[in-house]
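In what follows, a single structure is set out as structure tokens and then discussed.
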Protein chains: 2
Amino acid sequence: MAEVQLQTQTRADEAFDCLQTAIVKGDLAPGEKIGEVELCSRFNLTRGPLREALGRLESRGLLVRRPHAGVKVVSVSADELIELYRIREVMEGLAARQAAERMTDEEIRDLLATLDSHEAMIEEAQGQAYYQAEGDYDFHHRIATGSRNTKLAQMLLGDLYYMVRMYRYRLSTSAGRPHMALGEHRSIVEAIAQRDGELAEFLMKRHINAARQNIEKKIQEGVLTI
Amino acid sequence: MAEVQLQTQTRADEAFDCLQTAIVKGDLAPGEKIGEVELCSRFNLTRGPLREALGRLESRGLLVRRPHAGVKVVSVSADELIELYRIREVMEGLAARQAAERMTDEEIRDLLATLDSHEAMIEEAQGQAYYQAEGDYDFHHRIATGSRNTKLAQMLLGDLYYMVRMYRYRLSTSAGRPHMALGEHRSIVEAIAQRDGELAEFLMKRHINAARQNIEKKIQEGVLTI
DNA sequence: GCAAGGTGTATTGTTGACAATCCGGCTATT
DNA sequence: AATAGCCGGATTGTCAACAATACACCTTGC
């Protein structure tokens with residue numbers, strides 16, 4: 001890890017970031033029980049800041065903690081993953097609607113530009129699920145912040161996405177889905193550009209619905225085990 | 001505060017609960033800057049557990065913290081309060097739909113019973129906004145847990161409701177609104193009892209929409225200053 | 001041979017002291 | 001007189017040692 005970061009941020013923040021990315025990236029597997037001292041040596045910090053970070057992560061639902069028994073990474077069942085997408089559907093629908101009402105013209109131009117770069121990424125890194133996931137994340141990230149709804153963005157970016165990303169990394173997207181998703185992204189942005197909030201909401205909900213069904217199918221096929 | 005609580009819960013949990021209720025009840029006013037040592041003496045605990053609790057509260061958005069500068073209770077602007085209700089609208093709509101699909105018959109009976117008690121409370125404690133708010137909270141609480149959507153319930157109960165309640169306590173409900181709200185609650189439960197998820201979602205969204213408009217009107221009238 | 005109880009160790013929870021940083025008031029200079 | 005720089009006090013961030021609890025293993029009795 002970077003030894004010298006911006007000193008304006010405290011050790012606890014550092015610990016928080018490290019742990020969060022470690023969980024999301026899968027370095028700390030779901031269900032894995034982790035000891036405090038082990039984490040301390042691993043990230044070069046003491047138990048004080050670590051415990052503070054642990055508290056934050058628990059509050060966000062990425063860890064579960066039993067008093068005196070230790071802390072372990074949360075493990076999401078298949079059903080719960082589906083439920084996550086149901087939540088995303090309504091929340092991101094709202095985000096899209098508000099983004100259509102409030103994004104600046106410049107932000108919309110930027111959004112379009114990123115879509116182009118995503119397309120290039122898909123062509124280039126064919127089958128590289130990682131980059132596709134990152135592009136997808138970038139898109140949804142921009143919509144969330146574009147909604148100008150502080151709490152909504154906070155809940156999406158600080159809560160839901162981390163949990164979704166935990167599993168998206170090991171979710172090989174099915175063939176053809178990236179192209180389809182990109183098309184859906186384009187129509188959403190189009191609706192936003194036309195300031196049609198209602199349509200943007202509808203399209204976003206359908207987009208996430210499709211993603212959910214894609215995952216559901218895979219789980220039923222047994223391709224994906226959680 | 002209760003000196004001897006259930007010993008199965010740690011000091012940090014205790015601190016967390018104390019602070020959370022203190023913030024919600026208004027004992028710690030929004031925008032108020034609070035020192036760590038002061039809190040320690042106030043709740044009879046040391047800075048270690050306190051800081052852990054502070055971290056959790058910050059992560060939930062009830063506090064804002066600037067490094068080395070202290071921690072202060074979050075203050076929500078009028079616009080942000082409105083935004084909160086927009087989020088509630090979609091999330092509780094989802095909760096109502098899923099509750100209609102998943103609540104047990106017994107839970108629905110209980111829910112009906114609580115509505116009756118709410119009605120009695122309104123009649124009795126006429127104008128006592130506090131009890132009305134508590135009844136309202138109870139209703140929404142049951143729907144959220146009835147959705148059987150762990151994360152959804154967690155986000156509603158652990159995040160949004162605390163922020164809403166912060167301000168609901170000082171929001172004198174307008175005359176006649178409690179009766180109207182109760183009627184809306186009844187129709188929602190009716191839809192749930194008939195397992196009509198779509199209708200339940202629609203009614204819940206309209207219910208929260210009405211509450212939002214009520215608040216918006218008051219803010220515009222200048223009756224309510226935040 | 002199996003189960004129940006007790007003990008020991010390792011891990012977590014807590015505490016108090018130490019170091020780093022920021023805020024307010026003061027002085028001095030332009 | 002106003003502003004820039006500085007200094008003291010207070011507060012936050014961090015650390016290392018102490019106490020309490022739970023889990024695992026072992027012993028002992030049936």
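FYI, side chains are in, hydrogens and waters are out, and symmetry mates aren't considered; it's all heavy atoms of this structure. This one's a predicted model, so the numbers in the text were calculated from it and none came from an experiment. Naming: A, B, ... by sequence-line order, numbering from 1 per chain.
The phosphate of D/dG13 has OP1 or OP2 within less than 4.0 Å of a side-chain N or O from B/R51. The side chain of B/R66 contributes no N or O atom lying less than 4.0 Å from OP1 or OP2 of C/dC22. An OP1 or OP2 oxygen of D/dT14 is reached within less than 4.0 angstrom by a side-chain nitrogen or oxygen of A/T10.
Rounding to whole angstrom units, CG of residue A/L54 and C1' of C/dT12 are separated by 11 Å. One atom, CD of B/E38, and another, C1' of D/dA10, lie 14 Å apart when rounded to the nearest Å. Remark: C1' of C/dT11 and CG of A/L39 are 13 Å apart, rounded to the nearest angstrom. In this entry the distance linking CZ of A/R11 with P of D/dA16 reads 10 Å, nearest Å. Following rounding to the nearest Å, A/H68 (NE2) and D/dA19 (P) show an atom-to-atom distance of 16 Å. Distance B/L45 CG to C/dG13 C1': 13 Å, rounded to the nearest Å. The distance between atom CD of B/E52 and atom C1' of C/dT14, rounded to the nearest whole Å, is 11 Å. Taking atom CZ on A/F43 and atom C1' on D/dC15, their separation rounds to 20 Å, with Å as the unit.
Checking D/dG13, C/dT14, C/dG13 against every side-chain atom of B/R65, the shortest atom distance belongs to D/dG13. Side chain of B/P49, nearest nucleotide from C/dT12, D/dC15, C/dT15: C/dT15.
The residue B/G35 sits close only to the backbone: its heavy atoms come under 4.0 Å of sugar-phosphate atoms, none of a base.
With hydrogens and angles disregarded, no donor-acceptor distance shorter than 3.5 Å links the side chain of B/S59 to the backbone of B/G55.
Put simply, the side chain of B/R47 and the base of D/dG13 share a donor and an acceptor less than 3.5 Å apart.
Summary of the strand contacts: A/T46 and B/E36 both lie near DNA chain D, and taking for each the nucleotide with the nearest heavy atom, the more 5' one is attributed to B/E36. Mapping A/A69 and A/A12 onto DNA chain D via the closest heavy atom, the residue that lands nearer the 5' end is A/A12.
Heavy atoms only, all atoms of each residue included: A/L111 and A/I143 are closest at CD2-CD1, 4.0 Å.
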Listed pairs under 3.5 Å, donor-acceptor, residues 153-163 of chain B side chains, sequence neighbours left out:
from: B/Y161; atom 1: OH; to: B/E92; atom 2: OE1; distance (Å): 3.0
from: B/Y161; atom 1: OH; to: B/E92; atom 2: OE2; distance (Å): 2.9

* For B/L50 and B/L19, what are the C-alpha separation, side-chain angles and deciding distance, and is it a side-chain contact (heavy atoms from CB on, under 4.5 Å)? -> CA-CA 9 Å; B/L50 180 86; B/L19 284 182; 4.2 Å; yes

* Go through the steps for B/R142 and B/D138 under the test salt bridge (charged side-chain N to carboxylate O under 4.0 Å, His left out), then give the verdict. => CA-CA 6 Å; B/R142 281 166 190 267; B/D138 187 22; 3.3 Å; yes

